[in-house]
Amino acid sequence: MEPLGEYEPQRIEAKWQKIWDEQGAFHADRDAKRPKYYVLEMLPYPSGTLHMGHMRNYTIGDAVARYKRMRGFNVLHPIGWDSFGLPAENAAIKNGIPPREWTHSNIAQMKATCNRFGFSYDWRREISTCEPEYYHWNQWFFLRMLERGLAYRKRSSVNWCPQCQTVLANEQVVDGCCWRHETTPVEVKEIEQWFLRITKYSDELLDDMGELKAGWPERVLVMQQNWIGKSRGARIKFPVAKMEGASIEVFTTRIDTIYGASAVLLSPGHPLLPKLFEGVPGSGSIETEWNRLRQKLMRAADLAKAEKEGVFTGRFAVDPFSGELLPIWVANFVLAEYGTGAVMCVPGHDQRDFEFARKYRLPVKIVVQPLTGPSLKLDQMSEAYTEYGRAADSGPYSGMDSSKAIEKMTADAEAKGIAKRETSYRLKDWGISRQRYWGTPIPVVYCETCGIVAVPDEQLPVRLPENVALTGQGQSPLAGVPEFVNTKCPKCGGAARRETDTMDTFVDSSWYFYRYTDARNDRAPYGPEEAGYWFPIDQYIGGIEHAILHLIYSRFFAKVMRDLGMIQHREPVLRLFSQGMVQKGGRAMSKSHGNVVGADEMAQRYGCDTARMYTLFAAPPAKDLEWNEDGIEGCARFLNKVYRLVDRHTEKLRGVEAEKSRAMDLTHASAKEKLLLRQAHQTLRRVTNDFEARWHFNTSIALIMELVNEMQAQEPLDEGADPRVIKNVIELIVLMLAPIVPHISEELWATLGHSGGLARVEWPAFREDLAKEEQFEVIIQINGRLRGKILVGEGLSEDELVERAVNDPRIAPLLAGRTIVKTIVVPRKIVNIVVR
RNA sequence: GCCCGAAUGGCGGAAUUGGCAGACGCGCCAGGUUCAGGACCUGGUUCCCGCAAGGGAGUGGAGGUUCGAGUCCUCUUUCGGGCACCA
């Protein structure tokens, strides 16, 4: 044991980081002897600066990784870079730096920061999604999906951001505007796009959430459930009058309201429309109106707030139940992509239809009456009645409860062949084409004779060309690179053109955590044994902003991989933790908001242990955190205090063998020894629980602070306490701090005479008998109000406790002249005397 | 509009199961130490009345359940997040 001198965080931190690195302390390999634990933080986009928002994420993960190692787990804790994406391209346009160069230098910078914070990553497994070694496998997965009909091409209307000059995923549209350009309304445009058939897995994605109930936050599951948006109903056929063989299909969840239908409404893009106009007198003007509606739709970013509008087609449909003729309208609020793109208009029982009917004077009929309360009256209706109730004026179904009517009418309609049961989903297939340079090339060529041809596996990866001129305008930048575009058809050898769109970067992040298990595999995305050993992920940690997109795409990919026989499990992530955002000025800390507090700066000013500790101490990790440095000094002071505590005792504890708690005999222990051990083990119990279950690291730290304060209050420690006990408690403090502030802990551990470092040291064993209190403070209440306290030992009966309370000199006078109605006793805690 | 979540001192937050509200830290006040500053140490710090002992109020607001509510229930306000003509 050498005396410590001053606490110099920077020196200590650099020293231990070097040692860890030399030892490969955090390398994880398959190991049959220890249970595995895969803990992962969501991979960062290499924007260039690692800020306190990232830091919070990684500090939580690192504390857990280090704790689990101490608990004897074989811990896999990797990191990588989500390095394709628009910012690199924008930087290239703005500053003329090639995206690869920009990305590499950002990664180097951020990696240095990571190391500076001492995160216990296995760097051998580092990945970067923009490298051909990685995106090769994006292409490989795409081809597998293409073979299975899970990747397909279709012309579809897409969200187009005129600023980015590209397509946006639905998820990238926020309030009708581009997520990057928050004031630029998104336009609607029709293009040929590649899609992944995620909808094939709608039910599975929904059902398998059962497996996630225990380990995922409720709110994430709710969001995903709403996103998938399953609803059961019926598809009903309405024949078009005076048009042989033509019919319109609508989807409804409320077939029971069909007798109240007063029109059939089509979405403005409905494929049947041109045919409907044929032979209708004055259809020219109808078409003009219809086109106006369509145009308007394409411009309107915020459909939800637009007024209801419609155009009568001049045609009628036959209600298959009542035989009535219903006018066919085109309406702006009918969505082409949901259900069948057509609905029946039931103004009495759907608010949108109600508004539409009011505007265009369509009849309103009441066909559902509430089960209780006054009956609905037409002239008093100011809004639609959308609840269930009892069918009315509905032919043979009148009088049935709504749910029964739905069942009966569906069954009857099915029997007659005019309808069938159908389940509809809000979830749509995933459009992955991006008109961008900095992404994974889609491995497909277009041949004049063979059509769409997949690039064979042997020719993968289709490499992204370097030195491409980026202007930020128009079609995909790759289209302007003839060496890339012009190729030979793999099938016929004739001239062919390559696909010039690249993949959505969400593809990269949908399976990356499998790659970590076998990061250098050049024959497959990963080997089945490696993934089989490490998966599923035991703990995934990331921001709530990924609750839907990333996490639903990843689940989809896992299901495809399972169908490909690559994995056995159904769900890739067992437990998910959504940490709160770090904000500054009320907005999420991010480079694009320009409100980042750099992690390097914090490390420089306070040392990384202090910065790590403060991010955990300032708030429980699930809560949002407004960044504020006011409290960070307190953490610096505390670490100094711990450092000095050890330093003060280094001399005296030299050569002392710390009494192992496991074996410690307390029979002859002094009061001071008992006190120290009791508080230490009470702290250990709660800190352990915080790591295992609650993740309230802020309270763990508070408790350790209290323990240190208590030791200070008990100074001089060697008076009335065995140095072996003192050393034991000091070691306990160091070990409890080790996952949170690893550098200072290593330093102190070495100072205490241990060699070999903390990486393989066991988490201390909790001992109930050491933690047990001998006396309890019982509070005495009268009518629920605190009136006194007594100190009692173990083993008092309830009656004895009441006896003691009633006769307490403080309590007795307050009871004089009153009648005790009853007493409530909570053992070891409370006596409540109820008086009148 | 619908669905989630939150609201506690000057500030960040604590109270694991319905049982002493305000742990721990910041800030502030007082004292010690110091040539001074910093650092460190000790004590105090929800509000109101009171010199004090003590008493009263108190967890966004209003009601309720209970011997007892920050915690459970009903309504409500504000803030945050998600979804939104989803038929």
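Reminder, nothing fancy here: chain letters follow the sequence lines and each chain counts from 1. Values below: every heavy atom of this structure, side chains too, minus hydrogens, waters and symmetry copies. Predicted model, so just to flag it, every value in this text is computed and none were measured.
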Identify, with sequence neighbours excluded, every residue that meets salt bridge (charged side-chain N to carboxylate O under 4.0 Å, His left out) alongside [X].
{"X": "K772(A)", "value": "none"}
{"X": "D630(A)", "value": "none"}
{"X": "R804(A)", "value": "none"}

**Prompt:** What salt bridge (Lys or Arg N to Asp or Glu O under 4.0 Å) pairs are there with at least one residue in residues 329-339 of chain A, not counting sequence neighbours?
**Reply:**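 Sorted pair list: E337(A)-K428(A).
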Using the [atom1] atom as the point on both nucleotides, what is the distance between [M] and [N], in whole Å?
{"N": "rC85(B)", "M": "rG13(B)", "atom1": "C1'", "answer": "43 Å"}
{"N": "rC75(B)", "M": "rA21(B)", "atom1": "C1'", "answer": "25 Å"}
{"N": "rA52(B)", "M": "rG5(B)", "atom1": "C1'", "answer": "47 Å"}

Contacts of type ring pair (Phe, Tyr, Trp, His ring centres under 6.0 Å), residue [X], not counting sequence neighbours:
{"X": "W216(A)", "result": "none"}
{"X": "F333(A)", "result": "F356(A)"}
{"X": "F577(A)", "result": "W695(A)"}
{"X": "F638(A)", "result": "none"}

**Salt-bridge criterion met for D808(A) and K789(A) (N-O under 4.0 Å)** = no
**Message:** Taking E309(A) first and then K359(A), would you say they form a salt bridge - that is, a charged N and a carboxylate O separated by under 4.0 Å?
**Reply:**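 Salt bridge absent between E309(A) and K359(A).
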**Request:** Identify which one of R235(A), K420(A), R421(A) satisfies the salt bridge (charged side-chain N to carboxylate O under 4.0 Å, His left out) criterion when paired with E414(A).
**Result:** R421(A)
**Item:** Under 4.0 Å protein heavy-atom contact, by nucleotide of nucleotides 6-11 of chain B - B base, S sugar-phosphate only
**Value:** ------
**Item:** Sequence-aligned protein contact record of nucleotides 18-23 of chain B, with B where the base is within under 4.0 Å of a protein heavy atom and S where only the sugar-phosphate is
**Value:** -BB--B
Restricting to nitrogen or oxygen on both sides, can you table the protein-nucleotides 37-41 of chain B pairs closer than 3.5 Å?
| unit_1 | atom_1 | unit_2 | atom_2 | d |
| --- | --- | --- | --- | --- |
| rC40(B) | O3' | R644(A) | NH2 | 3.3 |
| rC41(B) | OP1 | Q712(A) | NE2 | 3.4 |

Distances under 3.5 Å between protein N/O atoms and the N/O atoms of nucleotides 52-59 of chain B, please, pair by pair.
| unit_1 | atom_1 | unit_2 | atom_2 | d |
| --- | --- | --- | --- | --- |
| rA57(B) | OP2 | R785(A) | NH1 | 3.3 |
| rA57(B) | OP2 | R785(A) | NH2 | 2.9 |

